[in-house]
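Inspection log for the structure reproduced underneath, given as structure tokens.
Counting convention: from 1, in listed order, for ligands and their atoms alike.
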Amino acid sequence: MLKITFLGTAGSLPTPYRNPSSILIKKDSELLMFDCGEGAQQQMMRARTGMMSLSSIFITHFHADHVLGIAGLLQTMSFQGRNETLYIYGPEKIDVFIQILTALGYCQLGYEIKTVELKPGDIVEKNGYYIKALKTEHGVESIGYSLVENKRPGKFDRDKAVSLGVPPGPLFSKLQQGNPVEVDGRTVHPEEVVGEPRPGRTVVYSGDTRPCEDVFNASLEADVLIHDGSLDDSKSEWAVESMHSTASEAAELAKKAGVIKLVLTHISSRYTEDESPLLNEANEIFENVVIADDLMEIKIQYKK
Ligand SMILES: [Zn+2]
Ligand SMILES: [Zn+2]
């Protein structure tokens, strides 16, 4: 299972339809949150994602629209009886920010919080996948993230195994695990019946940024790239000044990197009435692009 739920997709200002930035990724039975803008906890309730399996929060930077939801979410989980440790990752000074947020409201949390400072290139190893911190360009201390699954074993050719005299059963699993087996005095090697290792899935989240090299490199053939697409081409100077990206810049990067799907987020409140400039401009460059909506879900399937 690899599912993305967009909890908040607004730019710096929320709108009646868009909450500030927050993305939830369900990886098997675990929930990972990326940024936690105001109202993220209620969006989790609306999306019925549950909270108890939230293991970690990854923060891209400390602009208010990416962190103001943390205090409320932490307190709600405590009221609900959480006792498992919560990990909060982020750029330099994450420990100070979380100390300030947890000091609010006289709330004694019933569980431990572990903060972990990440620099670009740092890797958080998980079971069967990892999260990597990426260097981004937003004018303040900031990082993006990629979630990368380990390679999966190649496809097992059952018919070929049978034709080589291997009986279905425990010897099949031995071969699938990469071990040779003996049949009628002959050795059958895994390479004879197991194909090339197959890629896992990759999701990249840029956070707020100008188009940049590290996000590009992490996005090479990624399944989903969630990129800052705050502005349209007529605001390209403002995109440079405010250190965001235009929809077409995100599309250029997605195209060059060969990503499968591009999702634009951090949508400026200017487009509340009409988002078509963003989508049209991106679409001219890259076909498989969508604008994220609050509560939109994307399930990612394996490529092969
Ligand atoms: Zn922002
Ligand atoms: Zn920002």
Between K303 and E221, is there a salt bridge with N-O shorter than 4.0 Å? no

Using the six-membered ring of Y302, assess whether NZ or CZ of R198 lies under 6.0 Å from its centre and within 45 degrees of the ring axis. no

Hey, does the side chain of Q42 reach the backbone of G39 with a donor-acceptor pair shorter than 3.5 angstrom? no

Distance filter under 2.8 Å, centred on the Zn ion (ligand 2) - protein N, O or S atoms that pass it: H61 NE2, H63 ND1, H138 NE2, D208 OD2

Between CZ of R82 and CE of M77, what distance do you get to the nearest 0.5 Å? 4.5 Å

Report the relative orientation of the aromatic rings in H138 and H61; use parallel for angles under 30°, tilted for 30 to 60°, perpendicular for over 60°. perpendicular

Would you please indicate yes or no on a ring centroid separation below 6.0 angstrom for Y145 and Y205? no

